[in-house]
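Take a look at the structure set out below.
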Amino acid sequence: MFTQKRLTEAYDRAKTLYFDDYSRIVFMSDAHRGDGSVSDEFLKSRNLFEHALTEYYENGYTFIEVGDGEELLEYSEMEHIKNAHVDTYKEIKRFYDVGRYYRIYGNHDIYLDNPKYVRKNLDINYDEYTEEFFDFLRGIEPLESIILKHRYTSQELFVIHGHQGDAPNDQFWFFTMLSIKYFWRFFHRVGIKNPASPVKNVSKRHKIERNYSKWIEENRRALICGHTHRFKFPKNKDIPYFNTGCGIYPASITALELSEGMIRLVRWKEKVDENGKLFIKRETMRGPEPVEAFDIRKPKEVVDYLSEKKMRRTKKEREERASFRENDMK
């Protein structure tokens with residue numbers, strides 16, 4: 001019951017951003033960037049993450065990072081994290097400098113809820129090569145949640161990290177933080193995972209997802225989140241629950257894309273060609289589907305009509321506008 005209240009409170013406090021059928025937005029979460037040590041899970045997918053961000057930037061996307069970008073519960077010194085992943089933060093700064101980066105905090109980077117911490121760690125950065133300080137993400141205001149509202153139909157997509165549906169990582173986050181910081185972080189270094197985390201605990205993950213579904217049904221809003229590390233794209237359009245997945249899968253990362261009024265789940269993956277050369281490929285896992293198909297405020301007949309109308313538009317024209325620079329990324 002209390003988790004439903006927390007989700008609703010986050011909705012009521014959310015920042016509203018407007019989108020339309022010409023908007024391009026990518027949602028990624030749970031990168032868990034660490035200090036570059038052996039226990040830093042982000043290391044194995046860093047190249048994928050940086051390549052994906054480059055493609056999204058060059059193709060005019062707005063990047064919404066949906067929480068747990070940094071692993072601040074295990075590595076409290078953010079200076080070390082920034083120094084370990086310089087190129088990643090260069091890409092993030094490119095988005096921010098042109099007004100196309102929004103940051104949502106999660107339970108593993110909950111310190112970003114503190115403006116003093118943000119000013120100290122994100123306003124400026126230090127270049128070890130030039131030995132100079134420079135403006136980094138000066139003025140950024142990390143958010144708990146965002147409402148994306150369609151400019152013409154008023155359809156809403158509620159974007160949140162998702163720990164609000166998980167009591168141990170929300171209402172009791174301080175005690176969870178202590179257990180990670182002073183206990184589980186040492187087991188993590190040798191590959192032992194915390195069984196209380198929804199990442200490895202299937203029953204816990206399903207319970208959290210039921211909390212999400214209950215909130216969606218009661219509030220008639222689509223929900224986009226992360227937290228569980230389990231990517232989701234609704235098969236049943238009556239429950240529009242989307243999950244970005246995460247940025248620390250062994251050989252891939254996942255993201256949700258919203259472009260041309262269509263939403264899809266994609267995976268950036270390492271591949272090997274016939275000559276044995278490694279390359280990165282973007283694959284569509286689910287979708288694209290018209291965003292109208294997930295507007296559960298309207299009668300099903302209206303939703304189906306609007307969805308079919310959008311699908312009847314010239315597919316070639318839509319795909320030409322939405323295509324990436326690389327020929328095989330369509």
Any side-chain heavy-atom pair from Ser23 and Leu258 closer than 4.5 angstrom?
no
For Glu217 and Lys214: C-alpha separation, side-chain torsions, deciding distance, then whether salt bridge (charged side-chain N to carboxylate O under 4.0 Å, His left out) applies.
CA-CA 5 Å; Glu217 290 177 328; Lys214 182 179 179 181; over 6 Å; no
Working to the nearest 0.5 Å, report the span between CD1 of Ile248 and CZ of Phe42.
10.0 Å
Determine whether more than 12 heavy atoms belonging to other residues, nucleotides or ligands lie under 6.0 Å from atom CZ of Phe134.
yes
Rounded to the nearest 0.5 Å, how far does CD of Glu71 lie from CZ of Arg33?
11.5 Å
Sole candidate of Leu148, Thr254, Ile104, Asn243 that passes side-chain contact (heavy atoms from CB on, under 4.5 Å) when paired with Phe27:
Leu148
Under a 4.5 Å cut-off applied to non-hydrogen side-chain atoms, are Arg151 and Phe19 in contact?
no
What's the separation between atom OG in Ser29 and atom NE2 in His108, rounded to the nearest 0.5 Å?
11.5 Å
Would you say that Val291 contacts Leu157 through its side chain, given a criterion of any heavy-atom pair below 4.5 Å between the two side chains?
yes
Qualifying salt bridge (Lys or Arg N to Asp or Glu O under 4.0 Å) pairs with a residue from residues 82-93, counting only residues at least two apart or across chains:
Glu91-Arg94, Lys93-Asp97
Could you please spell out the steps behind the side chain to side chain donor-acceptor pair (under 3.5 Å) verdict for His150 and Asp21?
CA-CA 8 Å; His150 198 285; Asp21 287 356; 3.2 Å; yes
Should the pair Lys271-Glu283 be classified as a salt bridge under the 4.0 Å nitrogen-to-oxygen rule?
yes
Check whether Gln4 reaches the backbone of Asn211 with its side chain - one donor and one acceptor, N or O, closer than 3.5 Å.
yes
What about His161 and Tyr105, are their ring centers closer than 6.0 Å?
no
Could you walk me through whether Arg297 and Glu156 pass the salt bridge (charged side-chain N to carboxylate O under 4.0 Å, His left out) check?
CA-CA 10 Å; Arg297 303 168 306 159; Glu156 292 182 354; over 6 Å; no
Do Ile160 and Leu223 come within less than 4.5 Å of each other through their side chains, counting heavy atoms only?
yes
Near Glu218 CD, under 6.0 Å, is it more than 12 heavy atoms from other residues, nucleotides or ligands?
yes
Pairwise side-chain contact, Arg119 with Ile124, heavy-atom cut-off 4.5 Å (strictly under)
no
What are the two closest non-hydrogen atoms of Tyr75 and Ser37, and how far apart are they?
CE2-OG, 4.0 Å
salt_bridge(Glu144, Arg13) N-O dist < 4.0 Å:
yes
For residues Gly36 and Leu43, report the shortest heavy-atom separation together with the two atoms involved.
O-CD1, 3.6 Å
Is there side-chain contact between Glu70 and Glu65, with heavy atoms separated by less than 4.5 Å?
no
Would you indicate whether the side-chain heavy atoms of Arg221 and Trp215 approach each other to under 4.5 Å?
yes
Is the NZ or CZ atom of Arg264 positioned over Phe233's six-membered ring, under 6.0 angstrom from the centre and within 45° of the axis?
no
Euclidean distance, Thr284 OG1 relative to Leu265 CG, rounded to 0.5 Å:
8.5 Å
Of Phe242, Tyr241, Phe158, the one forming a ring-ring contact (aromatic ring centres under 6.0 Å, His included) with Tyr212 is Tyr241
Can you confirm whether Pro234 sits close enough to Ile239 that some side-chain heavy atom of one is under 4.5 Å from a side-chain heavy atom of the other?
no
The ring-ring contact (aromatic ring centres under 6.0 Å, His included) partner of Tyr56 among Tyr101, Tyr61, Phe63 is Tyr61
Answer yes or no: is there an ion pair linking Glu257 with Arg282, defined by an N-O contact shorter than 4.0 Å?
yes
Expected output: side-chain Ser45 to main-chain Gly247 donor-acceptor under 3.5 Å:
yes
Determine the interplanar angle of the His51 and Trp268 rings, folded into 0 to 90°, and report it as parallel if under 30°, tilted if 30 to 60°, perpendicular if over 60°.
perpendicular
Do His80 and His85 have ring centroids that are under 6.0 Å from one another?
no
Indicate whether the side chain of Asp30 and that of His227 have a donor and an acceptor atom separated by less than 3.5 Å.
no
